[in-house]
Amino acid sequence: MTKFKPAAWPRVLRSQEGWFGGTSKDNIYHRSWMKNQGLPSDLFDGRPVIGICNTWSQLTPCNAHLRDLAERVKHGIYEAGGLPLEFPVFSAGESTLRPTAMMFRNLAAMDVEEALRGTPLDGVVLMVGCDKTTPALLMGAASVDIPAIVVTGGPMLNGKWRGQDIGSGTSLWQLSEDRKAGKISTEDFLEAEIAMSRSPGSCNTMGTASTMASMAEALGMALSGNAAIPAVDSRRRVMAHVTGRRIVQMVKDDLKPSDVMTKEAFENAIRVNGAIGGSTNAVIHLLAIAGRVGIDLTLDDWDRLGRDIPTIVNLQPSGKYLMEEFFYAGGLPVVIKALGEAGKLHNDALTVSGDTMWDQVKDVQNWNDDVIRPFEKALTQSGGIAVVKGNLAPNGAVLKPSAATPALLTHRGRAVVFEDIDDYKAKIYDENLDIDENCIMVLKNCGPKGYPGMAEVGNMGLPPKVLRKGITDMVRISDARMSGTAYGTVVLHTSPEAAAGGPLAVVQNGDMIELDVPNRKLHLDISDEELKKRLDNWKSTVPVPESGYAYLYYKSVIGADKGADFDFLVGHRGKEIPKDSH
Ligand code: FES
């Protein structure tokens with residue numbers, strides 16, 4: 001059993017010291033202005049003050065329903081004797097924000113961190129949904145380390161089109177390739193557009209949003225069962241309500257992110273990611289969150305821990321179903337229980353509920369064993385994330401075997417190189433492009449510094465002339481990311497990235513490349529001397545931003561193999577603030 005000793009209660013809280021407690025001029029100043037919102041005096045009597053950190057935004061459509069959900073959180077907080085104070089933070093909407101939402105994850109995390117440290121909060125409910133919002137808020141909260149709990153907005157209902165279920169993202173990529181291959185018309189595609197997103201919520205596939213919701217639950221940072229409840233199911237509101245109740249007790253007990261997010265918790269999350277066939281983006285986000293708590297987590301941990309985990313959740317993009325079916329089958333607790341029974345879980349990891357992970361899941365039942373398969377009927381026996389290394393990726397690159405074509409996991413092919421995403425777009429439709437299905441597509445300058453922001457373009461579409469042959473997958477290698485809803489034999493996050501002078505930068509058309517996932521190898525078949533000569537002569541062609549946030553980002557972002565956080569944000573800075581200035 002994880003050792004956690006609740007703090008004594010009652011005691012004087014942070015919100016009282018120097019803020020709402022006492023009769024000094026400063027105390028009166030802090031309380032008086034708050035009272036312009038109609039808050040009665042007895043709400044400042046020393047009860048826990050709880051922030052509701054909300055990523056609601058109409059520009060983040062996946063989180064556009066979070067204002068309503070926040071009201072449910074408030075009910076729970078009041079009911080448990082706390083004072084809720086809702087506040088907005090920067091919201092990074094995946095489908096709307098350019099050049100890529102990932103560029104703003106660290107900005108949002110800074111916003112959260114400073115908002116938590118600089119205001120009279122004793123604890124916080126993190127309201128998240130769309131991909132980057134979940135890691136951003138966890139990173140910010142981890143750096144301050146006041147009691148914190150996650151509640152997600154939940155996934156959209158299944159898309160429905162022409163009698164079929166269609167999934168967010170995954171179906172978009174498929175239909176796009178079908179249009180390129182002439183299988184459907186633009187009118188068909190437009191008809192599918194609205195059918196894909198027909199309710200509030202985040203992507204309904206096991207994309208990055210669903211993965212990160214699952215990671216929050218697997219880390220122990222959300223209440224059990226949170227991840228899969230559809231956004232519009234009344235049980236999502238219940239989850240928000242009880243989360244509000246729970247944070248008040250967490251403050252009384254002083255149960256902090258650092259008590260929950262231990263190395264064991266991250267190891268649990270990595271294994272859960274393998275079992276759900278989770279997004280490759282989870283690799284970067286968990287590395288970054290771990291860095292904020294001061295946990296030494298590496299790419300090698302991902303490979304080591306995920307290698308023997310079968311993918312048992314039959315959801316798109318690796319499988320067939322969507323998040324609605326996952327919820328009806330029992331959701332993430334069923335998966336966690338299966339891992340626990342197989343000896344693949346730290347059962348005694350502490351969670352925000354105050355119970356261990358095992359206590360939370362031991363009595364759950366699987367209601368559909370085609371959606372959540374038994375291990376012997378897994379989608380793939382080697383789930384998880386494969387980390388390949390070699391002279392082309394000295395610091396590693398990642399691939400999701402469950403989303404790949406098994407026959408391509410061992411492949412040697414001729415490189416067809418795209419210097420950047422514009423070069424790719426300019427050439428890919430060219431019928432004279434010297435490419436066939438045995439080639440390896442190489443995309444450079446799409447890493448953290450290269451894009452900048454590390455766009456989700458690693459699953460670049462195949463050339464039409466290959467698609468017309470009925471081929472749907474080729475080996476692709478880049479320093480980019482891939483949408484969690486995407487699929488294919490796609491090597492991502494190649495580190496060091498091309499824009500930082502990694503070997504990827506000097507791959508040339510016609511070079512032979514060998515991918516050997518079983519042996520975790522990625523090799524550029526040129527001599528060491530030739531590689532050194534090319535690297536010595538290499539000069540970056542990526543423009544360096546001269547001002548603004550893009551400048552800060554370019555100068556400060558660390559490699560994808562370390563989580564792509566800013567170098568000056570890694571670590572835990574605590575909740576202490578400078579003295580009041582009034
Ligand atoms: Fe927001 Fe997928 S685009 S969750």
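Atoms within a ligand are numbered from 1 in the order they appear, just like the ligands themselves. Both backbone and side-chain heavy atoms feed into the values below; hydrogens, waters and symmetry mates do not.
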Which of these passes side-chain hydrogen bond (donor to acceptor under 3.5 Å, both in side chains) with Ser91: Asp111, Thr60, Thr55?
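Single pass found, and it is Thr60.
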What atoms of ligand 1 come within less than 4.0 Å of a heavy atom belonging to [X]?
X      : answer
Ser202 : 4 (S)
Cys130 : 1 (Fe), 3 (S), 4 (S)
Ala209 : 4 (S)
Glu94  : 3 (S)

Of the listed options (Thr133, Leu97, Asp131), which comes nearest to atom 4 (S) of ligand 1 when hydrogens are ignored and any heavy atom counts?
Asp131
Report the part of Cys203 (side chain from C-beta onward, or backbone N, CA, C, O) that has a heavy atom under 4.0 Å from ligand 1; answer both or neither where that applies.
both
Taking atom CD1 as the centre, does Ile194 end up with more than 12 heavy-atom neighbours from other residues, nucleotides or ligands that are less than 6.0 angstrom away?
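At most 12 heavy atoms, drawn from other residues, nucleotides or ligands, come within 6.0 Å of this atom.
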For the pair His75 and His241, name the ring-plane relationship: parallel under 30°, tilted 30 to 60°, perpendicular over 60°.
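Plane angle between 30° and 60°, so tilted.
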Indicate the ring-plane relationship of Tyr553 and Phe566, choosing parallel, tilted or perpendicular according to the 30° and 60° boundaries.
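Tyr553 and Phe566: perpendicular rings.
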Salt bridge (charged side-chain N to carboxylate O under 4.0 Å, His left out) for Arg307 and Asp303? Distances and angles first, verdict last.
CA-CA 6 Å; Arg307 198 178 264 250; Asp303 194 73; 2.9 Å; yes
